[in-house]
Amino acid sequence: MTKYAKFFLGAAVFLSLSACASAETDGTGAGTDNTTSGSGATLAAIIDRGELNAGVNDSLPGFGYVDSDGNYVGFDIDLGHAVAAATLGDSEAISFRSLSAQERFIAVQTGEVDVLLRNTTWTTSRDSDVGMDFGPVTFYDGQGMMVRTESGISTLADLGGRTIGVETGTTTELNLADQMDALGIDYNTQTFDDRNALIAAYEAGSVDAWTTDRSGLVSSFAVLADPEEHMILEETLSKEPLAPAVLHGDNQWNDIVTWVVYALIQAEEFGITQDNIDDFMDSDDPDIQRLLGVEGGLGSMLGLEDDFAYQAISQVGNYGEIYDRHLGPDTQFNLPRGMNALYQNGGLHYSMPFR
Ligand SMILES: N[C@@H](CCC(=O)N[C@@H](CS)C(=O)NCC(=O)O)C(=O)O
């Protein structure tokens, strides 16, 4: 296990479990009245356009970023490719929009994007007042704190009188306030609209520590000048279940995103991979036949082709393949699956039945 991975998995000390953000603090300032946008409208628009519009991060290596060739790459990006493959039969029929934390919900509310796949925490207020609906959790996370190894800071309590950097429009800034208040620690915050500016300020020493999801902290080891000089504190400040978000009101579209994610998880459970999927097409197992659309007509019930899961898995891979491609042992992150393992391996991922 790498040093970084150990930090990531470190003691899951949940000081308290509040991770909600109001519409105002999410930067939207635009709560909704939960009116519907019409079930079926989103899929019809995507088919008409011939392309899925996905809102993503472009500066989070491992999850969503733009590589040196100008391509979007990462775990969240591949989930977008899987949704495109399932809905349009082509994993490349997708247009990515880079969205900041503050912009992301507005882009869903205005229909600029069909789906948000951007390290977004599922919270009550986002699911209601902000007007989102969420698909299944794709990455179980928690908030952490990064400091310089030489700083002498080894617990949150050591941050008294120090300045902590945090990004606006995130659950992160709200959790920080809650947890530090609960511990009775006086500290200063400096807020940033942009992750890169936050990391730059931390590297320059204008903040003593910075906080975000542990995935976001681990991801920064790819860009910090001297990664070995930094560490993530063991305390975890919150639960951060990261999930795809769509606009509230189009139940069919929410169902589609939901069942594409489940298809990726179910495929891993069955041992169906991008390479071996064709060997399963004549399987006698009715569960596998229904997943792959050989029988059961489940795709049609969702408004898709019956082979929607086949398309997603064969073109992009199962959940574990996607995880390993971007975060696994052969990557610089080498993140053990932990909570993101399948349930039978001690993790939290579990597909609802394809029936
Ligand atoms: N999961 C949290 C935090 C997500 C978030 O936006 N984190 C920041 C800090 S790592 C980020 O991704 N920033 C990217 C950027 O500004 O480009 C949430 O949903 O509020």
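In listed order, ligands and their atoms are each counted from 1.
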Inset, instruction - Run the numbers for me: atoms of ligand 1, each under 4.0 Å from some heavy atom of Thr212, listed by number. - result: 7 (N), 9 (C), 10 (S)

Legend entry - Test salt bridge (charged side-chain N to carboxylate O under 4.0 Å, His left out) applied to Arg337 and Glu268, step by step: CA-CA 13 Å; Arg337 292 282 292 269; Glu268 182 179 11; 3.0 Å; yes

Inset, instruction - Before signing off on this row, confirm whether Trp210 and ligand 1 have an N or O atom pair separated by under 3.5 Å. - result: no

Legend entry - Under 3.5 Å: N/O of Arg126 near N/O of ligand 1: yes

Inset, instruction - Decide if the gap between the ring center of His349 and the ring center of Tyr140 is smaller than 6.0 angstrom. - result: yes

Legend entry - Option set Thr170, Thr171, Asp141, Leu60, criterion heavy-atom distance to atom 2 (C) of ligand 1, minimum: Thr171

Legend entry - Which segment of Asp213 sits under 4.0 Å of ligand 1 when only heavy atoms are counted: side chain

Legend entry - Distance-only N or O hit between ligand 1 and Asn119, under 3.5 Å: yes

Inset, instruction - Heavy-atom contacts with Thr120 under 4.0 Å: which atoms of ligand 1 show up? List them by number with element. - result: 19 (O)

Inset, instruction - May I ask you to check whether over 12 heavy atoms, not counting those of Glu295, lie within 6.0 Å of atom CD? - result: yes

Inset, instruction - Give yes or no for whether the N/O distance cutoff of 3.5 Å, strictly under, is met between Ser59 and ligand 1. - result: yes

Legend entry - Distance-only N or O hit between ligand 1 and Ser100, under 3.5 Å: no

Inset, instruction - Step through it carefully: locate the ring centre of Tyr65, locate the ring centre of Phe75, and say whether they are under 6.0 Å apart. - result: no

Inset, instruction - Evaluate the ring planes of Trp259 and Phe354, with Trp represented by its six-membered ring, and classify them as parallel (under 30°), tilted (30 to 60°) or perpendicular (over 60°). - result: perpendicular

Inset, instruction - Using a 4.0 Å heavy-atom threshold (strictly under), name the region of Leu242 that reaches ligand 1: side chain, backbone, both or neither. - result: side chain

Legend entry - Shortest heavy-atom approach to atom 10 (S) of ligand 1 - which of Gln143, Glu240, Arg195: Arg195

Inset, instruction - Report, as yes or no, whether the 6.0 Å neighbourhood of atom CG on Asp186 holds more than 12 heavy atoms from other residues, nucleotides or ligands. - result: no

Inset, instruction - State the atoms of ligand 1, each with its element, that fall below the 4.0 Å cut-off from a heavy-atom position in Ala101. - result: 6 (O)

Inset, instruction - Check the pair Arg162, Val147 against side chain to side chain contact (heavy atoms under 4.5 Å, CB included), reporting the backbone distance first and the verdict last. - result: CA-CA 11 Å; Arg162 308 279 194 143; Val147 297; over 6 Å; no

Inset, instruction - For Asp194, counting its heavy atoms only, list the atoms of ligand 1 lying under 4.0 Å from any of them. - result: 16 (O)

Legend entry - Close side-chain approach of Met146 and Phe221, heavy atoms under 4.5 Å: yes

Legend entry - Pairwise distance CZ(Phe139) to CG(Leu117) - rounded to 0.5 angstrom: 14.5 Å

Inset, instruction - Kindly confirm or rule out an N or O of Thr172 lying under 3.5 angstrom from an N or O of ligand 1. - result: no

